[in-house]
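The sequence lines fix the lettering, A, B, ..., with proteins before strands; numbering per chain opens at 1.
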2 protein chains.
Amino acid sequence: MTSTLGYAILAVLARGERTGYDIAAAMRRPVSYFWTARHSQIHAELQKLAAGGLVAFDARHGPGPQDKKVYRLTPEGGDALRAWVTEPPRERPERDELVLKTYASWLADPGLVRRLFAEQLRVHEERLAEYEREEELFGGPPDPGDPRFGNYATLRCGLGYERHRAEWCRWMVTQLSASL
Amino acid sequence: MTSTLGYAILAVLARGERTGYDIAAAMRRPVSYFWTARHSQIHAELQKLAAGGLVAFDARHGPGPQDKKVYRLTPEGGDALRAWVTEPPRERPERDELVLKTYASWLADPGLVRRLFAEQLRVHEERLAEYEREEELFGGPPDPGDPRFGNYATLRCGLGYERHRAEWCRWMVTQLSASL
DNA sequence: CCACACTATGTCACTTCTGACATAGTGTGG
DNA sequence: CCACACTATGTCAGAAGTGACATAGTGTGG
């Protein structure tokens, strides 16, 4: 019934009440690195969730032509989120533009391909450093019943992902250097 | 102009001529693990690519109500593909349902969450074993100018990804076991 | 005091992707 | 000889996601 975006929003609201704007900001750099949405999508989804009784809001005076709406989880929303969490995820199709480019890379100039991967390597190394700084702010893993466990566990995933990705880019650069 | 799916199709056709059905089959388990599309999307995209002159086809007698169409890259299609390969990829938003569930996992029953990750771990370990078998079929990395380099490099990426993912799932299971 | 960034909500046209429906020949195994 | 899987192309409704447009108050720095 509810889309995955809906659950992403519920997961954010489980941490505390937020405006649509706050939720969009939390998702801009993905909610701890794994789900993004524009505010246009979030406002629309919040209306659906409110219609379904999974979230409720108080209107308060705020800037702009409309009042601001502070959303919170309803008990039904909490139940729906809890039930969804332990259900197996649908196998989301992986779509990765860089890997697709790699698949076709034999056609292109090796020097240009090498530059592409060197640039990507830089991006992943930067992100890795950033995540490592953030990891230090946690003094080891929180308890699995603590909301902070969600943040820490997703950060661990991001950390592993960036490491894998950086290593692969480094390997690509090596391969392409050998052939020049 | 052309969508990423269009380039995915061009990348497949760069290996040789194919019918729409062949392309869909190649993408069902993603084109070497990174891009998927249904046949309904592929047929529609092939029509656009043909209209744009990036691919051409010969109709041959085949099963079904229509003739079968064997598509091939045109010189323009090859140029477009080659140019696209070395352009930086747009930062595709990451959307990962399992990581989203992790973010909300502190709300749910730790035993059920543990089961979810144990199951995911099994999936990744199986896939890893499969990829490792495939890697053995290559006797080391092909030359970067060889079409097989594309296959090998994407396989390497898949291998690294599955390893990272399995390791993370294992860590999650450990965390959730400690708290039971 | 003015410009600008930030807070805040919303609509709309458009693209992309999914899942179901529709149709039909060919080859294989029981 | 029949059922079934595979080859093969296509349409269509609807969901999901993007980017631009529209509007306006509040606080900060030069």
Find the distance [X]:[atom1] to [N]:[atom2] and express it as a whole number of Å.
| X | N | atom1 | atom2 | value |
| --- | --- | --- | --- | --- |
| A:K48 | D:dA15 | NZ | P | 7 Å |
| A:H43 | C:dT11 | NE2 | C1' | 11 Å |
| A:M27 | D:dT18 | CE | C1' | 16 Å |
| B:H39 | C:dT23 | NE2 | C1' | 11 Å |
| A:E45 | D:dA15 | CD | P | 12 Å |
| A:I42 | C:dA8 | CD1 | P | 14 Å |
| B:R28 | D:dT7 | CZ | C1' | 13 Å |
| A:L49 | C:dT9 | CG | P | 14 Å |

Below 4.0 angstrom from OP1 or OP2 of [N], is there any side-chain N or O of [X]?
| X | N | answer |
| --- | --- | --- |
| B:Y21 | D:dT9 | no |
| B:Q41 | C:dT16 | no |
| B:Q66 | D:dG10 | no |

*Qualifying residue for side chain to side chain contact (heavy atoms under 4.5 Å, CB included) with B:E76, from B:V55, B:L54, B:L81*: B:L54
*asked:* A:V123 and side chain to side chain contact (heavy atoms under 4.5 Å, CB included): which single residue from A:E126, A:E125, A:R127 fits?
replied: A:R127
Salt-bridge criterion met for [X] and [Y] (N-O under 4.0 Å):
| X | Y | answer |
| --- | --- | --- |
| A:E17 | A:R60 | yes |
| B:R72 | B:D58 | yes |
| A:E130 | A:R133 | no |

Would you indicate which nucleotide in [options] comes nearest to any side-chain atom of [X]?
| X | options | value |
| --- | --- | --- |
| A:D22 | C:dA8, D:dT9, D:dA16 | C:dA8 |
| A:Y71 | D:dT9, C:dG10, C:dT18 | C:dG10 |
| A:K68 | C:dT16, D:dT18, C:dA8 | C:dA8 |

*asked:* Students often get this wrong, so: under 4.0 angstrom with heavy atoms, is A:R95 touching a base, only sugar-phosphate, or nothing?
replied: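 It contacts sugar-phosphate atoms only.
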*Have a look at A:Q47 and say if it touches a base, only the backbone sugar-phosphate, or nothing, with a 4.0 Å heavy-atom cut-off.*
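Sugar-phosphate, no base atom in range.
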*Using a distance-only test with no angle check, is there a side-chain donor-acceptor pair under 3.5 angstrom linking A:T4 and A:R90?*
yes
*For B:R90 and for B:A44, locate the closest nucleotide of DNA chain D by heavy-atom distance; then report the residue assigned to the nucleotide nearer the 5' terminus.*
B:A44
_With nearest nucleotide decided by heavy atoms, which residue, A:L5 or A:H61, maps closer to the 5′ end of DNA chain D?_
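That would be A:L5.
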_Consecutive-pair stems (3 or more, Watson-Crick or G-U, under 3.5 Å) for DNA chain C_ =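 Ordered by first number, the stems with DNA chain C (at least 3 consecutive pairs each) read C:1-30 with D:1-30.
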*May I ask you to establish whether A:R15 and B:Y103 are in a cation-pi arrangement, using a distance under 6.0 Å from NZ or CZ to the six-membered ring centre and at most 45° from the ring axis?*
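Relative to the ring axis of B:Y103, which defines the angle, A:R15 lies inside both limits.
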_Reported CG-to-OG1 distance for the pair B:L112 and A:T86, which is rounded to 0.5 angstrom_ =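 Reported value, rounded in 0.5 Å steps: 5.0 Å.
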_For D:dG17, does the base pair up with any side-chain atom of A:S40 as donor and acceptor (N or O, under 3.5 Å, distance only)?_
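It does not, because no donor-acceptor pair links the side chain of A:S40 to the base of D:dG17 below 3.5 Å.
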